[in-house]
There are 2 protein chains.
Amino acid sequence: MPGRGRVSRQAGGPVEADVPAEPSGVPTMFDVARRAGVSHQTVSRVLNGLTGVAASTKERVEQAIADLNYTPSPAARAMAKRRSGSIGLILAGRPDYGPSNAALGFNEAARDSGYTVSQASMRSIDADTLTQAVHRLVLQRVEAIVLISGERDGVAVVSGIDAGVPIVAVASEPAPPPEPAAAGRPGPHRVAIDQYAGARLATEHLIGLGHRAIRHVTGPADSMDAAERRRGWGDAMAEHGLEVRDPIEGDWLASSGHAAGQALIADPDATAVFVANDQMALGVLHACHAAGVDVPGNLSIVGFDDIPEAAYFTPALTTVRQDFDALGRDVMSTVLDVLGVPGDRGAAGDGGVPGHRGAAGVNGEHPAHERTTRVPELIVRATTAPPRA
Amino acid sequence: MPGRGRVSRQAGGPVEADVPAEPSGVPTMFDVARRAGVSHQTVSRVLNGLTGVAASTKERVEQAIADLNYTPSPAARAMAKRRSGSIGLILAGRPDYGPSNAALGFNEAARDSGYTVSQASMRSIDADTLTQAVHRLVLQRVEAIVLISGERDGVAVVSGIDAGVPIVAVASEPAPPPEPAAAGRPGPHRVAIDQYAGARLATEHLIGLGHRAIRHVTGPADSMDAAERRRGWGDAMAEHGLEVRDPIEGDWLASSGHAAGQALIADPDATAVFVANDQMALGVLHACHAAGVDVPGNLSIVGFDDIPEAAYFTPALTTVRQDFDALGRDVMSTVLDVLGVPGDRGAAGDGGVPGHRGAAGVNGEHPAHERTTRVPELIVRATTAPPRA
DNA sequence: GCCCCTGGGGCTTGTTACTGT
DNA sequence: CACAGTAACAAGCCCCAGGGG
């Protein structure tokens with residue numbers, strides 16, 4: 001079917017009739033221009049809010065736009081502007097409470113800044129899948145890539161890729177010293193909630209109650225959050241002159257918490273435990289119930305995250321609350337920073353993609369950002385009490 | 001800075017030198033063509049895997065592509081092909097276990113089919129926000145929109161929008177009779193897990209244990225899943241000649257389950273309760289513990305969803321497991337269906353966007369899909385037992 | 001003469017730079 | 001100067017014509 005009825009440039013010759021050949025498909029700038037009796041360039045000027053268009057002309061164009069239900073093609077715009085206006089989000093691993101909420105916060109913040117989010121979620125976090133995801137996003141010409149996944153290896157994998165676009169990762173550990181192989185190329189920008197501080201909060205709460213034998217159930221070895229929480233616990237213990245016993249390793253799941261709980265029960269000295277997340281704390285609680293260990297009478301427990309269910313554990317869980325939503329927003333504001341977009345100018349209008357001047361170039365001539373300012377909050381409930389004398 | 005050093009069509013005249021003017025920015029097809037000594041069209045053919053390119057030529061082109069690190073511009077491709085290759089995903093409401101996992105499953109399935117996912121998540125689910133999200137995605141020229149949000153109103157809102165692209169919603173209730181206002185325009189396609197069947201499973205399990213006074217704690221009134229679960233419970237009760245008492249309304253959160261639990265405890269007759277999700281069941285459990293009600297001795301409890309923590313509640317929760325991951329994949333396969341993409345031909349290759357012939361047109365000339373085939377599974381644990389005689 | 005390749009030209013929808021009254 | 005239009009350009013895809021065997 002040749003000639004879809006679109007007149008491309010309306011030859012100057014005799015116009016055949018008054019019927020302006022109603023375009024069949026999606027209307028284009030030219031259709032609008034024809035209807036408004038102006039050139040397509042004037043339409044463009046109106047669309048982009050440029051000056052130099054008479055009010056009356058502008059009105060006619062806007063009317064034509066409304067009549068035709070015209071909306072500019074993002075593909076054409078992206079091509080001409082050489083900007084996709086989209087950011088890639090990689091959400092790797094189980095969609096737990098934390099990552100999901102951080103992703104949500106990020107998503108909303110991105111939208112508020114006029115960016116589109118191209119999401120590449122994946123359950124697995126192996127290097128191959130992750131690398132592929134990054135490449136796919138690069139192929140999509142996203143302007144930045146965000147990685148939400150606590151796994152150290154994930155961040156490391158991403159660090160090893162020369163994506164050509166800035167990468168912002170949720171990563172609570174400071175960046176490792178750069179490998180010589182990655183000379184000149186800074187690692188991803190890092191944003192996080194201060195896990196270390198949160199862990200100290202939890203531990204010091206227990207110490208303040210009078211506990212001295214405080215054990216720790218960690219998250220998986222590969223998790224940076226887990227490592228930071230462990231470090232916070234260890235430092236707090238050491239500073240108070242308390243013995244830093246070997247922690248028990250878990251994997252974030254309640255099942256591992258259950259196993260850890262059984263190990264704890266076998267330890268006659270322990271009077272308290274700081275568990276690295278709420279799900280595992282639930283598992284510990286379960287083990288205690290099964291063994292007839294009274295909580296908090298025989299064992300005090302502090303969790304981490306404050307998932308919505310924590311208040312309804314039995315007993316209600318003392319834990320450390322993190323603001324994941326804010327974390328997501330922090331990630332987006334870091335992205336804007338790195339992209340050199342001025343201020344928090346949320347493009348409230350019609351989703352106009354914010355114009356930016358490429359400030360920091362590719363992955364930043366200046367060193368990568370590291371933001372770990374946000375501090376969690378201790379929520380005291382019913383699983384903690386002074387140790388029995 | 002005029003003339004970015006890109007020669008557009010290599011005039012037939014005298015070539016000034018052997019230096020082929022290394023392009024500064026992102027390489028284009030023309031750069032590849034020049035380097036391989038062929039025309040841009042041949043490059044295109046190689047890229048699209050079309051026939052009609054000699055093996056040797058193909059190799060040269062591929063070498064040039066590799067040398068220049070060339071990747072085709074998705075914007076240009078989208079424009080030429082008139083297809084964005086992307087699908088919009090609206091994830092509305094709290095990022096709970098179910099929706100998050102369904103979204104993840106969908107995301108992976110979409111990727112496997114060569115589609116990109118543009119995500120518009122939002123915490124709130126009011127009509128305005130939802131409508132805006134749909135419009136934003138339409139502006140992005142997504143080829144279909146997926147809505148994951150159990151709220152009936154959400155689906156209704158979306159149904160009322162003439163998006164111009166197919167909409168697939170996770171919705172367990174059958175479509176309501178079309179309003180006259182929406183004449184001719186079918187509602188969104190609906191995909192779901194069979195909530196009704198799951199609820200019957202739960203209820204019949206309790207009945208089978210000998211319970212007769214089985215209460216129900218529902219999800220929020222606006223939730224279709226909640227309504228279906230309630231219906232399943234009611235029907236099962238009625239069919240067995242048991243009294244269908246007024247259910248207690250909850251809101252999915254553990255807190256409402258806690259309140260419901262207190263109400264249940266005050267009911268001297270009730271020996272069992274079917275709670276519409278696991279979080280609320282946790283709340284009921286919490287209330288029982290607090291009141292010294294033995295579970296399952298005095299009260300049997302069945303939940304719904306089988307969140308990973310359910311096995312570590314105290315006691316371990318008997319519940320109904322749903323395969324959210326599969327639901328997400330079902331959604332994607334429905335999308336493919338609606339878009340008229342043949343079979344499950346996962347474009348395993350280089351993310352080649354699958355070519356499709358627009359079969360079902362806009363939102364389907366044929367009636368909307370309704371798929372509710374997948375049936376959940378009862379997981380019996382420790383919160384259910386025969387009633388005490 | 002037909003098939004296998006290859007190339008030219010035009011089209012996609014906007015943006016930007018330069019002209020022209 | 002204020003306003004509008006023309007031309008070139010962005011980076012691909014597709015139809016068709018044509019060279020070589």
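Naming convention: chains lettered A, B, ... in sequence-line order (proteins, then strands); numbering from 1 in each chain.
A donor-acceptor pair is defined here as one N or O able to donate and one able to accept, closer than 3.5 Å; no such pair exists between the side chain of Asn48(B) and the backbone of Arg45(B). Proximity of a side-chain donor or acceptor of Ser149(A) to a complementary backbone N or O of Leu91(A) within less than 3.5 Å is not detected. Distance alone, capped at 3.5 Å, places no donor-acceptor pair between the Ser113(A) side chain and the Tyr115(A) backbone. A donor-acceptor pair under 3.5 Å is formed between the side chain of Thr131(A) and the backbone N or O of Ala127(A).
Remark: Arg77(A) is not in phosphate contact with dT13(C), judged by side-chain N or O atoms under 4.0 Å from OP1 or OP2.
Remark: C1' of dC14(D) and CZ of Arg82(B) are 12 Å apart, rounded to the nearest angstrom. Spacing between atom OH of Tyr70(B) and atom P of dA10(D) amounts to 14 Å, rounded to whole angstrom units. Between the CG atom of Leu47(B) and the C1' atom of dC13(D) there is a distance of 11 Å, given to the nearest Å. Atom pair Met29(B):CE and dG10(C):P shows a separation of 17 Å (rounding to whole Å applied). The separation between Arg141(B) atom CZ and dG14(C) atom P is 7 Å, rounded to whole Å. Atoms NZ (Lys81(B)) and C1' (dC11(C)) sit 15 Å apart, rounded to a whole Å. Look at CG on Asp31(B): it is 8 Å from P on dA11(D), rounded to the nearest Å.
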### Letter per nucleotide, 5' to 3', of nucleotides 2-7 of chain C [B base touched, S only sugar-phosphate touched, - untouched; heavy atoms, 4.0 Å]
---SBB

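Looking at which nucleotide of DNA chain C each of Ala80(A) and Met79(B) is closest to, the 5′-most match is held by Met79(B).
Pairing for dG20(C) is with dC3(D), a Watson-Crick or G-U wobble pair whose two hydrogen-bonding atom distances lie under 3.5 Å.
Ring-plane geometry between His189(B) and His369(B) is classed as perpendicular, the angle between the planes exceeding 60 degrees on a 0 to 90 degree scale with a lower cut at 30.
Listed candidates were dT13(C), dG12(D), dC14(D). Nearest to the side chain of Thr28(A) is dT13(C). Side chain of Phe30(A), nearest nucleotide from dG14(C), dG12(D), dT12(C): dG14(C). Taking every side-chain heavy atom of Asn48(A) into account, dT15(C) is the closest of dG12(D), dA10(D), dT15(C).
The side-chain heavy atoms of Ile87(A) and Val142(A), taken from C-beta on, include no pair separated by under 4.5 Å.
In summary, the side chains of Asp67(A) and Gln63(A) do present a donor paired with an acceptor at a separation below 3.5 Å, with no hydrogens or angles considered.
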